[in-house]
Amino acid sequence: MHFSTMRFLQVFLAFLAGVLPSHAALSGRLVYIQNGAAQVLILPQSKPQILPHSHRARLVSVAPTGGMVLYFSSKKGDGRDERGWLSKPPYKTAQSLKLPKGFAPYNVQWTRDGTKALLAEWDRSYLWHAPSGALKALPAGELSLSRNGRLLAISQTKELRVRDLTTGKERTIFSLAHPQTVFAALKRAKYPRNLRELSDTVSPDLWKETSMWNFGSCAFAGDNSRLFWTCNAGTGAGASGNTTFCWFATDLKTNRTKVLSKLGAQFSRLPYSVQLSPDGKKLLYGESVHSSAVENPVSVSILDLLTQKETYLEQLTDKKNFDMNLVSGFAWSPDGQAVAASAFYYDSDTVWKKQAELSKKEQSWEPRDSDYTLFIRDLNNRTLKKIPGAVSPSWGK
């Protein structure tokens, strides 16, 4: 082989080694539930460790740094007799958490330093202080915590507010009493054609009704300069919750709201579990287009905040013999170069037949954790690792 050709190949292979992630490049502590127990996998190792007292675990979350893990389980596996646990490296023991009676959180949001965590339930939530174990009651609604633990976004039926947890002061980002915030942002859109499916359906007769408004999950910018949120502009939603919506960004210094019009209007249920990437440049979130308990395809997407380009990590286009999927949790890697998402792909006709058989016995079809696979994918949607039967992933350093 000619020297120049050989040199070119060496340089090209070196380039590929630098841009293509490998299994060995994965690092950090990946936690998930598998075989009914919470487990921690210290990457790039391949053998997980079962956390103490985690039998019948239903939710597990690891701090962004330090390795502290919170997990929740119940004696009957149905949310009753809920127990919370805290385990730290090397995960040989676990400390029981003091939780309010009947409190069963469905979501955990950590501060960047891992000293506080938002424990969220549908109708009540608490801010947990790791060093002392103290719980501080928070307002009802769908809540989002800033990375430094100072700000709290409160999404309720009629308004979206931001509370400064250090001073207790609140400001209103949006209120149904003054919907002009949304309409003005739509009018100022740089790419109005991308929003016609939403803006052309806005009607004063509709947006005056509270039931016509829908809001999704929120996320703060890493420096608390902005709040990202979604809304359907009061255009209503179908019986299954599907609606047309768009993304907004509110400047928290000026309280001025802009619409991400380059991305344009979208259609589905509103985004949930919105997570800011470690570098603060992207958003990770889930969406679903719901038709029935069996037909509820879910997508896991990444939104680049600079380019407003959306990348789908979980969808059905590359899955043969399947027309539906469900997702049971997703999370950023600590370096923001990969995403862990637990997905179950299936054929709806096959499941409908199972559903019909079960209906005769007055039961309903529900997927098992063992039906899911935890996929670790890079930002180019290449699969780096698979863990069968794993759900509820969380990933920290």
Side chains of Asp323 and Ser348, donor plus acceptor under 3.5 Å: yes

Pair Phe174 and Trp213, ring centroids less than 6.0 Å apart: yes

Distance-only donor-acceptor check, side chains His178 and Ser175, under 3.5 Å: no

Same cluster (ILVMFWY, side-chain, under 4.5 Å), Leu303 and Phe228: yes

Side-chain donor/acceptor of Gln109 to backbone N/O of Leu143, under 3.5 Å: yes

Aromatic ring pairing Trp122/Tyr106, orientation class (parallel under 30°, perpendicular over 60°, tilted between): parallel

Heavy atoms from other residues, nucleotides or ligands near CZ of Arg171 exceed 12 (cutoff 6.0 Å): yes

Residues Arg196 and Asp200 bridged, charged N to O under 4.0 Å: no

For Trp110, ring pair (Phe, Tyr, Trp, His ring centres under 6.0 Å) partners two or more places apart: none

From CA spacing to verdict: side chain to side chain donor-acceptor pair (under 3.5 Å), Arg83, Ser73: CA-CA 5 Å; Arg83 297 288 301 275; Ser73 61; over 6 Å; no

Listed partners of Gln49 passing side-chain hydrogen bond (donor to acceptor under 3.5 Å, both in side chains), at least two apart: none

Distance-only side-chain donor-acceptor flag, Asn242 / Ser240, under 3.5 Å: no

Ring pair (Phe, Tyr, Trp, His ring centres under 6.0 Å) partners of Tyr272, counting only residues at least two apart: Phe330

Within the 6.0 Å centroid threshold, strictly below: Tyr372 and Phe344: yes

